[in-house]
Amino acid sequence: MSGKKREIRPKPRLPKGMRDIDAAEIRAVEQMLGTIRQVYESYGFEPLDTPAFEYTDTLGKFLPDQDRPNEGVFSFQDEDEQWLSLRYDLTAPLARFVAQNYDGLPKPFRRYQTGPVWRNEKPGPGRFRQFTQFDADTVGTDNVAADAELCMLAADTYKALGVPRGSYTIRVNNRKILDGIIESAGIDLRDANNHAKRLTIMRAIDKLDRLGLGGVEQLLGEGRKDESGDYTKGAGLEAAQIAKLIDFITAARGDGGSGAMTRSDVLNAIETHLGESATGRDGLDELRIMDELLSAAGIGADQIAFEPAIVRGLEYYTGPVFEAELTYSDGGDAPSLGSVGSGGRYDGLVARFKGVEVPATGFSVGVSRLYASLQKLGKLNADRASAPAIILVMDKERTADYYKMASTLRVAGIRAEMYLGTSGMKAQMKYADKRGAPCVIIQGGDEKARGEVTIKDMILGEKLSQEIADNQEWREGQPAQFSVKEGELVEAVASVIARHGGSKPGADK
RNA sequence: GCCGCUGUAGCUCAGUAGGUUAGAGCGCUAGAUUGUGGAUCUAGAGGUCCCCCGUUCGAGCCGGGGCAGCGGUACCA
């Protein structure tokens, strides 16, 4: 006790909301990214990359140095004291890029982009402070066909990723319709005093999925107290106004019933509630055109549906908004897994820089969230790339020979590695086991004398071990291994890998 | 941000009205087995008992204050 000095050691730990990503996930995600890229490319979008951080004012955030430092974003100062922020999405940097290079770009400008984004928020289940998005945007046209196309692109993307029809839904709404219905409830949106009220109303509607109609109703009125006792102040609407809004939300909902409404059913329901609001009419007309285009493409409401309670980002979207989610297909009352993609029309973003309106619309796949959901649903094809064959080092003097074997296998296109540790054979076997190696290659003095190598099939061996209780038998029986001439090494290893790698798909579920 | 719950080994947790060197299972390392992953047995490594202050002869346990994690809620481009 006396001589024990207290060394201060750093505790190995991850920053809040961050995570490490293992080999299996990297492989799976890279495959997903490749698939998404293919779909986006097929629609004619071109790739673009922009840096991880931008000047803070570019991203549209207030300077984070005063009363609310780093609110929502991660920020730091350059040596010239200018504030920089890590990007929190891929859209704001796109707006900067377009504004900066406007004259030279083809209009409409269509680009796709993927990469990590960061948000300085409280992490939760399925919510991290770094995650990957994959965006496609069409900038420079107010044609609703661009919005319809992005919805189709989204559907095609989930399909290509192996999400079967019926297991995803893209729900579409239009911000103009929301504004219209608020106006028709007697709230004048031209009155600046009603600005905050409008936001509160939309936030309330946005919570329909989570809180249900009752919760929305409370939030439109006085407010709501949650189960932890926390209280959220409501919009303070009058009973008649609340009834009107609730009525509107309900009208176009299938009530979770079996008979899904068609898109035009929903539009008709909306229309009867909309009254004379010009903004609302605009929004309705836009959705009608989208419906025509989608229907002409043979896409029904089971894939792309209209849903008047979809809201999305508040000060951001100006027209159609979309949200994609995965759903269990096995019926039951299993909860939704949350949004795995979203987008919409944002006609004001580029104007921040240029003064002129540059209409734009985009869709973003939440890659990290989607991966997690597919994982949870067991929809990720688990055919991991085969682990390397391991060449055991039986005699350290012959390291060069072993290395040559590894090299021979690699030339033949087989992943192979010579054991690089310094432990004995038992430890090497454990190593190979932990690595998931399909086989190990053994050449000790005996094999060398005969000009042979021994191949041990680790996967078969594991299977056989379950039937052997006696260690003596297990060790001496040397199950699942065989010897071949040195010249037949490649062929023998390839056959073992083929035996397992090319096995029946779906059999191991 | 607000409300609630929880902090003891890598993980899951015990810990006796406050009392010597703080435990178990799993995991890890190694031996039993001169060249073989599993099983079994054995041994070993690994801990500022979240932190600080206080009460006490004495605190993992009691009191106060922090911090962190989890859950709910708010915000979410």
Side-chain angles (χ1 to χ4, degrees), chain A residues 1 4-9 11-14 16-17 59-61 68 71-73 85 87-95 117-125 127 129 133 199-200 203-204 206-207 210-211 215 219 223-234 311-317 321 339 342-344 346 348-349 352 362 364 390 392-395 423-437 439-448 454-481:
Chain A
M1 199 98 222
K4 210 173 201 174
K5 266 178 234 147
R6 270 164 71 145
E7 283 179 61
I8 312 264
R9 301 189 189 127
K11 212 179 292 169
R13 64 211 172 106
L14 279 168
K16 190 200 303 199
L59 296 180
K61 302 304 286 190
R68 311 174 78 182
E71 177 78 7
V73 299
S85 296
R87 65 186 178 202
Y88 52 79
D89 70 8
L90 299 175
T91 309
L94 171 66
V117 301
W118 296 267
R119 293 185 187 181
N120 189 359
E121 294 172 334
K122 181 187 162 187
R127 297 186 61 173
R129 305 229 268 193
Q133 296 191 323
L199 295 181
T200 309
R203 284 187 190 120
D206 194 35
K207 292 186 177 62
R210 195 151 44 85
L211 302 182
L219 286 172
R224 173 179 178 274
K225 186 189 259 189
D226 68 56
E227 60 212 54
S228 73
D230 195 22
Y231 186 76
T232 310
K233 197 174 182 312
V311 178
R312 303 302 311 168
L314 291 176
E315 308 267 18
Y316 195 92
Y317 293 116
V321 285
S339 154
S342 67
Y346 50 97
L349 268 199
R352 286 186 51 233
S364 175
I390 308 286
L392 302 196
V393 174
M394 303 300 290
D395 177 357
S423 298
M425 181 171 184
K426 186 179 170 100
Q428 297 190 36
M429 291 298 295
K430 281 183 152 182
Y431 172 78
D433 186 40
K434 196 160 264 183
R435 287 294 309 275
C439 63
V440 297
I441 290 101
I442 304 165
Q443 190 186 50
D446 298 347
E447 287 91 348
K448 181 65 184 166
T454 294
I455 317 281
K456 172 151 187 172
D457 181 334
M458 298 295 282
I459 299 168
L460 179 59
E462 185 177 5
K463 215 171 288 171
L464 294 177
S465 80
Q466 290 164 5
E467 293 149 22
I468 301 173
D470 179 51
N471 185 253
Q472 195 76 11
E473 189 190 340
W474 162 244
R475 291 166 69 95
E476 285 175 0
Q478 300 193 335
Q481 66 187 59

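So you know, we letter chains A, B, ... as the sequences are listed, proteins then strands, and number each from 1. In what follows, every heavy atom counts, from backbone to side chain, and hydrogens, waters and symmetry copies are set aside.
- Residues meeting the salt bridge (charged side-chain N to carboxylate O under 4.0 Å, His left out) test with A/Glu462, sequence neighbours left out: none.
- With sequence neighbours excluded, no residue forms a side-chain hydrogen bond (donor to acceptor under 3.5 Å, both in side chains) with A/Trp474.
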A correct 5'-to-3' footprint of nucleotides 35-46 of chain B, with B, S and - meaning base, sugar-phosphate only and no protein heavy atom under 4.0 Å, is BBBBB-------
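- Between B/C76 and A/Arg129, no contact under 4.0 Å exists linking OP1 or OP2 to a side-chain N or O.
- At distances below 3.5 Å, not a single donor-acceptor pair connects side-chain atoms of A/Gln481 with backbone N or O atoms of A/Thr454.
- Under the side chain to side chain contact (heavy atoms under 4.5 Å, CB included) criterion, A/Thr232 pairs with A/Leu219, sequence neighbours left out.
- Remark: A/Arg435 pairs with A/Glu417, A/Tyr431 by the side-chain hydrogen bond (donor to acceptor under 3.5 Å, both in side chains) rule, at least two apart or across chains.
- In this structure, A/Arg435 reaches neither bases nor backbone, as no heavy-atom distance under 4.0 Å exists between it and the strands shown.
- OP1 or OP2 of B/C75 sits under 4.0 Å from a side-chain N or O of A/Arg203.
- Residue A/Arg210 has a polar side-chain atom (N or O) positioned under 4.0 Å from OP1 or OP2 of B/U73.
- Looking at residues two or more places apart in sequence or on another chain, you find a side chain to side chain contact (heavy atoms under 4.5 Å, CB included) between A/Asp433 and A/Met458.
- Base pairing in RNA chain B gives the following stems of 3 or more Watson-Crick or G-U pairs, range against range and under 3.5 Å: B:1-7 with B:67-73, B:10-13 with B:23-26, B:28-32 with B:40-44, B:50-54 with B:62-66.
- Scored by the salt bridge (charged side-chain N to carboxylate O under 4.0 Å, His left out) test, A/Lys225 finds no partners at all (sequence neighbours excluded).
- For A/Thr200, there are no side-chain hydrogen bond (donor to acceptor under 3.5 Å, both in side chains) partners, not counting sequence neighbours.
- Remark: C1' of B/A77 and CH2 of A/Trp118 are 16 Å apart, rounded to the nearest angstrom.
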